[in-house]
Amino acid sequence: ACWRGWFLHCLLGCAMAFTCRDVVTGLQQIQLGDVDKTTWTEPVLRSAFNQALSLLLLVRPDAAAKKLIHVCVAGTEQVLPAGYSRLLKVVRNVTGASNTPGRAIRMVSMHDLDKADPNWHSTPATSTAYEYVFDEQNPTAFWLYPPVQAGTKVQIEASQSPEPITNLSSDFPVDPVFAQPVKELMLYLMLSDQQGNTNHYNLAMNMLDRKGLAEARVNPANDGKAGS
């Protein structure tokens with residue numbers, strides 16, 4: 001019922017902001033039975049919330065997906081701005097002060113590009129990227145082909161690393177559909193000394209469609225291949 005409630009909240013919207021406290025209060029009073037809020041202090045709950053959020057983003061970086069305009073440096077290799085932890089997709093070229101949409105940018109593998117043109121990193125620079133490469137081992141970087149001129153702009157999607165929550169009255173930092181998995185991960189962390197505690201972790205992973213499938217969904221190297 002709680003899970004359906006979160007979906008209803010997300011589908012219908014709400015005039016009031018959805019906060020971290022909305023998640024924590026329900027957990028404290030219902031799952032933890034701490035109605036008087038005396039057993040679990042706010043600092044402990046806040047710490048568990050931040051840890052749970054970090055676990056969530058390891059499994060589902062798309063939970064914190066943001067669209068942004070990346071202003072390129074000259075050459076092929078590009079690095080995400082500070083505060084972003086993982087590339088999700090390179091979408092298209094954009095131009096001008098109003099970021100007018102331009103040519104779509106297709107994902108290719110580094111192996112195929114190296115095989116087709118071993119010198120592609122040193123080809124003449126242009127103002128339009130045609131293709132991009134992503135390396136799972138280096139998630140904050142990507143490479144554009146052909147090499148681009150400094151100042152070329154592309155639209156990308158990336159996972160933004162939220163700042164640690166210092167006040168539970170703050171807005172919930174990711175989409176509310178992830179509220180219930182965050183609660184289960186909090187319970188997993190807070191009840192780590194109790195038998196059967198892994199049930200909370202397993203439930204959270206099931207809600208998130210398991211780690212492997214989730215990674216395939218947000219891995220740019222699987223662009224167009226992973227199911228949704």
Side-chain angles (χ1 to χ4, degrees), residues 49-95 99 101-114 117-118 120-123 125-166 171-175 178 181-182 185 205 208-226 228:
F49 182 93
N50 284 320
Q51 292 179 62
L53 188 62
S54 294
L55 281 175
L56 168 70
L57 294 180
L58 282 175
V59 178
R60 288 291 299 270
D62 59 317
K66 302 291 182 184
K67 294 180 181 179
L68 64 150
I69 302 300
H70 175 76
V71 180
C72 299
V73 298
T76 58
E77 185 174 4
Q78 309 295 320
V79 178
L80 295 181
Y84 290 86
S85 60
R86 183 186 179 92
L87 178 75
L88 299 176
K89 187 176 184 179
V90 178
V91 181
R92 60 192 176 189
N93 294 272
V94 296
T95 58
N99 296 320
R103 182 188 177 101
I105 303 175
R106 185 172 68 101
M107 189 278 304
V108 296
S109 75
M110 182 78 78
H111 173 78
D112 289 346
L113 200 50
D114 288 347
D117 183 2
W120 66 275
H121 289 283
S122 58
T123 56
T126 72
S127 60
T128 301
Y130 289 12
E131 298 170 331
Y132 78 95
V133 169
F134 174 78
D135 181 0
E136 179 70 30
Q137 304 303 314
N138 190 4
T140 60
F142 61 99
W143 291 260
L144 295 174
Y145 176 79
V148 294
Q149 300 165 355
T152 298
K153 296 190 293 183
V154 296
Q155 183 187 61
I156 66 174
E157 296 178 8
S159 181
Q160 187 175 38
S161 305
E163 293 292 327
I165 295 300
T166 58
D171 289 347
F172 191 65
V174 297
D175 193 300
F178 293 103
V182 167
L185 290 170
M205 292 301 105
L208 298 171
D209 201 17
R210 295 190 179 87
K211 188 175 188 297
L213 293 177
E215 285 183 341
R217 187 181 294 111
V218 299
N219 181 359
N222 294 327
D223 192 17
K225 301 176 183 178
S228 59

Between T128 and T152, is the side chain to side chain contact (heavy atoms under 4.5 Å, CB included) condition met? List the steps. CA-CA 7 Å; T128 301; T152 298; over 6 Å; no

Given F178 and L208, is the side chain to side chain contact (heavy atoms under 4.5 Å, CB included) satisfied, shown in steps? CA-CA 8 Å; F178 293 103; L208 298 171; 3.7 Å; yes

Going through the distances and angles, do D62 and S159 end up as a side chain to side chain contact (heavy atoms under 4.5 Å, CB included)? CA-CA 6 Å; D62 59 317; S159 181; over 6 Å; no

Do N50 and E163 pass the side chain to side chain contact (heavy atoms under 4.5 Å, CB included) test, and can you show the C-alpha distance, the side-chain angles, and the key distance before you say yes or no? CA-CA 9 Å; N50 284 320; E163 293 292 327; over 6 Å; no

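Rounding to the nearest 0.5 angstrom, the gap separating the OH atom in Y132 from the OG1 atom in T76 is 15.5 Å. Rounded to the nearest 0.5 angstrom, S127 OG and Q149 CD are separated by 5.0 Å. Within the model, atoms CE of M107 and NZ of K89 stand 10.0 Å from one another, a figure rounded to the nearest 0.5 Å. The structure places CE of M110 at 5.0 Å from CH2 of W120, a figure rounded to the nearest 0.5 Å. Here the CG-OG1 distance, from N138 to T140, works out to 5.0 Å after rounding to the nearest 0.5 Å. The CG atom of L88 sits 11.5 Å away from the CD atom of Q160 when rounded to the nearest 0.5 Å.
Among L80, I105, V133, the one residue that satisfies the side-chain contact (heavy atoms from CB on, under 4.5 Å) test with F142 is L80.
Closest heavy-atom contact between P146 and T126: CG-OG1, 3.5 Å. Contact detail for L68 and A158: the closest heavy-atom pair is CD2-CB, 4.1 Å. Closest of all the heavy-atom pairs between P162 and L57 is CD-CD1, 3.3 Å. Taking every heavy atom of both residues into account, L56 and L185 meet most closely at N-CD1, 3.9 Å. Scanning all heavy atoms of the two residues, the minimum distance from L87 to E157 falls at CD1-O, 3.7 Å. Heavy-atom minimum distance, P147 versus T123: CD-OG1, 2.9 Å.
Checked by atom type and distance alone, the side chain of D135 pairs as donor or acceptor with a backbone atom of Q137 at under 3.5 Å.
Counting only heavy atoms from C-beta outward, the side chains of F134 and P139 approach each other to under 4.5 Å. E131 is listed as a side-chain neighbour of L113, based on a closest heavy-atom distance under 4.5 Å. By the 4.5 Å heavy-atom criterion applied to side chains, Q78 and V148 are counted as neighbours.
The side-chain tip of R106 does not point at the ring of Y130 from less than 6.0 angstrom away and within 45° of straight on.
We find that E136 and R86 are joined by a salt bridge, their nearest charged nitrogen and carboxylate oxygen being less than 4.0 Å apart.
Here Y145 and H121 keep their ring centres 6.0 angstrom or further from each other.
A donor atom on one side chain and an acceptor atom on the other are not found under 3.5 Å apart for K153 and N93.
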